[in-house]
Structure formats: structure tokens, C-alpha cells
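Both counts, for ligands and for their atoms, begin at 1 and track the order of listing. Counting from 1, the numbers follow the sequence of the chain as shown. Any value given below was found using the heavy atoms of this structure, including those in side chains, with hydrogens, waters and symmetry copies removed.
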Amino acid sequence: MMRKGADVNQFNRNQKRTVINQPTKHSALIMPSLLAAPFDHLGKAIRDLEDAGAILFHYDVMDGHFVPNLSGSPHIIEDLQRTIRSRFDVHLMTSNPERVIPWFDLISVRSISIHAEASKNIQADFEAIRSQGKSAGVVINPPTPMTSLDSLFEHVDQVLIMTVFPGLGGQRLIKDALKKIEYCAQRRNALGLDFAIQVDGGVKEDTIRWVFDAGATEIVSGSAIFERPDPAEAYRHLNRLIGNEA
Ligand code: DX5
Ligand code: ZN
């Protein structure tokens, strides 16, 4: 049975309004990444973070082809959604994303992002994602220039900027990628758009402020939450570092 919980979309609406009215001050949502979560008690690990305020979880899908690793069956989300109230942000690190998108037509999936480097027809993929009632986004790897997305900004609900090479948790954030976050935030403000600016990879206690100050509005963090002795306290601590009450 679904538990009653916070409204992720309500949060986003408020967040977007704040960004538009006050471009220099914004808030960001932290999304714990389940790649680093303990799979022997996954539901409990999520519920513990929900009790600490988490409402959206990042879910990595890897196909062993686009990236050299495997993760993320939709069946895990199907099972989880019976006992948690949060929603999922799905990050498809797969070739042929058009084949994978329909597998994530699940009630608790809020958003799906596909790699610019993997999609053969990005507008068609966005359409497929939206036809399932999900927010559609594009992801770019560290070597892909942000300017390659210039023509896409008006068509996305979220842009996910990789700050590590995709495939593994626990890597160090690539500092050069901070400029991409700044560029994305600057273009978004200039164009008067309100898509989410997501950042993924190497976000920890000492780097979260960098990505937040650069303009991130949805921040993924895996090992800095789940590999700490008390993940709920680690989540609260990261929130405090970016000015969220926790
Ligand atoms: C990496 C994944 C990330 C990963 C981040 O390819 O896309 O979502 O879980 O892990 P940390 O926060 O440990 O860098
Ligand atoms: Zn990810």
C-alpha cells in the first residue's frame, strides 16, 4: 500500500517559481542514488531516508554496453513502490534508450533522462517519455560540450550534467564540469525557462556547495549518503550544507 507523502511536483513548482523570481538565490533537492544503497534491505533504507525528508530517489540503469556495468531492473521499482511513498528519477545509461523507456512506465517514476550520446532520435525519445506522463530529460557525459544542447533547452524538463564518467559510484567530481552547470543555469535564465538542472557524480560533503552555487537544482548523491555510518544523518548534513532545513 502506498503511504501518504510529500508531493514531489509541488516541490518542483515552488522551486521553479523561486528560481525565476530570484535568479541568484535558489533551492535544490537532494536525490539519494540507489546505486550505492544496500540491496539486502533496500525498502527500509529508503524509508529511513524518507523519515529524514527525502522524496525523490535517483535510479541508475546500466546495460553493460553503453557503460561497462549492469544495474537497474524496473522490477525493483515495481516492488518498492508498494511500500514507499517517494518517486524515482530514472537515469538511463543504455544504448537504444527507445527500447528501454517503455519498461519504466511505472506509477512511481517521475522522470526519465536519456544520454545525448546514446539517443538516435532525441525528440522521439522525449515524446515517448512524455506519453508515459513522465518528465523528459537529456544527460551529457563529461567530454560532451554543453553547447551541443543549445537547441534542446527549450524542449527539456531536466538536463542531467555528469560530473564523473558514468558507470560507477564513488568517483571524484570532475571540477571542469562546474562550468557546464554555470553555462546551463545562465542559458536557462536568459531564455526564461524552468527546466531542472541535475548534477550526478562525486557529490559529497566537500563538493555539494560547488554544484549548488554553480546552479544545480536537483543534486544526486550516492556514496556520500549510503556509505556513511548513518545515511539519514548524512542526508540531513548534505541538506544543511546547501541551506535546506533538515
Ligand atoms: C554514476 C551514476 C551515479 C552514481 C553517483 O554513473 O550515474 O548516479 O550513483 O554516485 P556517487 O554519488 O557515489 O558519485
Ligand atoms: Zn546516475
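Residues His26 and Phe212 bring their aromatic ring centres within 6.0 Å.
A heavy-atom distance below 4.5 Å is found between the side chains of Val90 and Ile77. Side-chain atoms of Arg172 and Val164, non-hydrogen and from C-beta on, never get closer than 4.5 Å to each other.
Scanning for side-chain contact (heavy atoms from CB on, under 4.5 Å) contacts around Ser223 gives Lys204, Glu227, with sequence neighbours left out. Under the side-chain hydrogen bond (donor to acceptor under 3.5 Å, both in side chains) criterion, Ser221 pairs with no residue, sequence neighbours left out.
Expressed to the nearest 0.5 Å, how far CG of Asp105 lies from CD1 of Ile129 amounts to 11.5 Å. Taking CG from Asp60 and CG from Leu35, the interatomic distance works out to 5.0 Å, rounded to the nearest 0.5 Å.
For ligand 1, the 4.0 Å heavy-atom shell contains residues Ser33, Leu35, His58, Asp60, His91, Met93, Met162, Pro166, Gly167, Leu168, Gly169, Gly170, Asp200, Gly201, Gly202, Val220, Ser221, Gly222, Ser223.
Within a radius of less than 2.8 Å around the Zn ion (ligand 2), the protein N, O or S atoms are His58 NE2, Asp60 OD1, His91 ND1, Asp200 OD2.
Phe126 carries Arg130 over the face of its six-membered ring, with the cationic atom under 6.0 Å from the centre and within 45° of the normal.
Contact check on Lys44 versus Asp48 returns a salt bridge, with a Lys/Arg side-chain nitrogen under 4.0 Å from an Asp/Glu carboxylate oxygen.
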